[in-house]
Amino acid sequence: MWKTVRRAARATVYLAGAAAMAFGTWLFITVLLIAAFGTLAVAGAWLTPEAVLLLRRIAGAKRNMTAAWTGVKIPEVYRPFTGTMRERLVSALRDPGTRTDLRWMAAYWLYGAMFALTVPLWLAGLVIDGVWCGLLRREAVVLPLIVRLADLDADWSTALLKPSPQVQLTARVEELAATRADAIAAHGAELRRIERDLHDGAQARLVALSMRLGLAKRAYGQDPELALKLLNEAQEQAEKALTELRQVVRGIHPPVLSDRGLAGAVRALAAGSGLDVVVDDGSLDKGVRAPAAVETAAYFVVAESLTNAAKYSGVSQAEVHLARVRRGLRVRVKDEGGGGADESSGSGLLGMRRRVAALDGIMEVSSPVGGPTVIEVELPCVW
């Protein structure tokens, strides 16, 4: 009985909030009518975009309320308002999201007042269910109807506020086009970096090596000691060139990933980072590996995060968590430093986000001033 009462009380609170929002929509309809008449009169056309923005906020609040009740997030797809007043007005009127919100508000004007039914249901439920459950030990009959009212409100709101498949597909195409552009930009920047590293590093040393070998060849017959000295210098140049070539190769695809897998590669990173890093990879299946592109992206996320932590955090400890989830691979890097990480400050976060977005992944950065800094990435893949 008490469990039923608690559920009914929670549903009543939800319906009370829905009723308060419905009352707000009744007031908002007045704003919409003023905006509509103002648009017809041209002089008040500037009200329409502002009214649509307010409508979006109200619909967004209802989406959040419904998601809190059902546990399922309702997607939100809108076109941005930019440009001149005329362009903003056209965007506001032609946006499919505006029509979706207006359709919901028209229906909500009717079903948003279901809270009024909870009062007689509570009065009847406390008497009927009190006897039915308390004396006869049967399941409650009346109070669960309040929960069903809340479920009905949530189901109708979800159906009305959910964007159409065509709108979601259009938004998805736009998102993929943006991530594709970022991926192309990141790929071009990576190619320029590799070219610069080869030109300024390994190529210069190989040219110097060729020159020393030529000088040693000329000096071999007349001054063997000089020739030997030049050969020793050439050997040093060759070793340095090989070292720089290995670094370039690691920047493309770290060999340690192929040899030891992601868990082993991350542990090698942690050992060479200069920090006391705790690595948790217990949920990874050691016999099953993610695709190479996913492992590479995860590796560079950890590498860049640990580099930033060593440079800017001011602490000597960090945590790395690798987890296999249902939809892919999750990476989480945390340090207890001063926080305040900013993607626009050139700390490498933008490059990480582009690399993750190119694989259709999700990256979240939490770095309030005072810390901690938490970087969490989820990369989709099929295990």
Side-chain angles (χ1 to χ4, degrees), residues 4 6-33 35-36 48-81 91-122 125 140-176 326-327 360 362 380:
T4 302
R6 286 195 298 269
R7 292 185 62 192
R10 181 170 174 263
T12 303
V13 172
Y14 171 81
L15 290 172
M21 182 171 291
F23 179 73
T25 60
W26 298 339
L27 296 179
F28 182 69
I29 289 175
T30 305
V31 178
L32 287 180
L33 292 175
T48 300
E50 303 303 324
V52 171
L53 289 176
L54 184 56
L55 174 62
R56 290 183 178 183
R57 294 189 182 96
I58 296 174
K62 184 58 181 178
R63 287 186 179 94
N64 294 334
M65 181 185 298
T66 304
W69 176 258
T70 62
V72 179
K73 184 178 180 181
I74 304 176
E76 183 177 286
V77 180
Y78 292 119
R79 293 176 181 174
F81 291 169
S91 299
L93 295 178
R94 291 185 177 179
D95 188 359
T98 303
R99 294 192 291 272
T100 299
D101 292 347
L102 288 174
R103 180 187 60 187
W104 161 77
M105 181 166 287
Y108 198 59
W109 191 83
L110 299 175
Y111 78 85
M114 286 192 293
F115 174 75
L117 300 176
T118 61
V119 177
L121 287 175
W122 269 108
V141 176
V142 179
L143 290 179
L145 295 177
I146 301 177
V147 180
R148 293 181 184 177
L149 285 177
D151 290 338
L152 187 62
D153 177 277
D155 291 341
W156 285 350
S157 299
T158 300
L160 291 169
L161 288 172
K162 186 178 180 180
S164 66
Q166 293 81 2
V167 173
Q168 294 188 64
L169 178 61
T170 301
R172 182 60 176 159
V173 170
E174 293 176 353
E175 180 184 355
L176 290 176
R326 184 174 60 87
R327 294 180 297 177
D360 203 19
I362 301 172

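These numbers were taken from a predicted model, which means no experiment stands behind them.
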What pair of heavy atoms forms the shortest contact from Asp360 to Pro380, and how long is it? O-CG, 3.4 Å
Which residues share a side-chain contact (heavy atoms from CB on, under 4.5 Å) with Leu152, sequence neighbours left out: Met114, Trp156
Pair listing, salt bridge (charged side-chain N to carboxylate O under 4.0 Å, His left out) test, anchored in residues 68-77, at least two apart: Arg63-Glu76
Output all residues satisfying side-chain hydrogen bond (donor to acceptor under 3.5 Å, both in side chains) with Ser157, sequence neighbours left out; order by chain, then residue number. Tyr111
Worked check of side chain to side chain contact (heavy atoms under 4.5 Å, CB included) between Trp104 and Ile58: CA-CA 11 Å; Trp104 161 77; Ile58 296 174; 4.0 Å; yes
Looking at Asp155 and Arg148, is there a salt bridge between them, counting it only when a charged N and a carboxylate O are closer than 4.0 Å? no
Please examine the side chains of Leu149 and Leu117, heavy atoms only from C-beta on, and report whether any two atoms are closer than 4.5 Å. yes
Pro163 to Pro75 - nearest heavy-atom pair and separation: CD-O, 3.3 Å
Taking side-chain contact (heavy atoms from CB on, under 4.5 Å) as the test, write out the residues that go with Val147, two or more places apart. Arg7, Ala11, Trp69, Asp151
Listed by chain and number, what are the side-chain contact (heavy atoms from CB on, under 4.5 Å) partners of Thr100, not counting sequence neighbours? Arg103
I need the Asp101 CG to Leu54 CG distance, nearest 0.5 Å. 11.0 Å
Which residues share a salt bridge (charged side-chain N to carboxylate O under 4.0 Å, His left out) with Arg56, sequence neighbours left out: Asp95
What donor-acceptor contacts under 3.5 angstrom involve side-chain atoms of residues 17-24, with partners at least two apart or in another chain?
none

Please list, chain by chain and in numerical order, all residues satisfying side-chain contact (heavy atoms from CB on, under 4.5 Å) with Arg94, sequence neighbours excluded. Arg79, Val90
Hey, could you give me the NZ/OG1 distance between Lys62 and Thr158, rounded to the nearest 0.5 Å? 9.0 Å
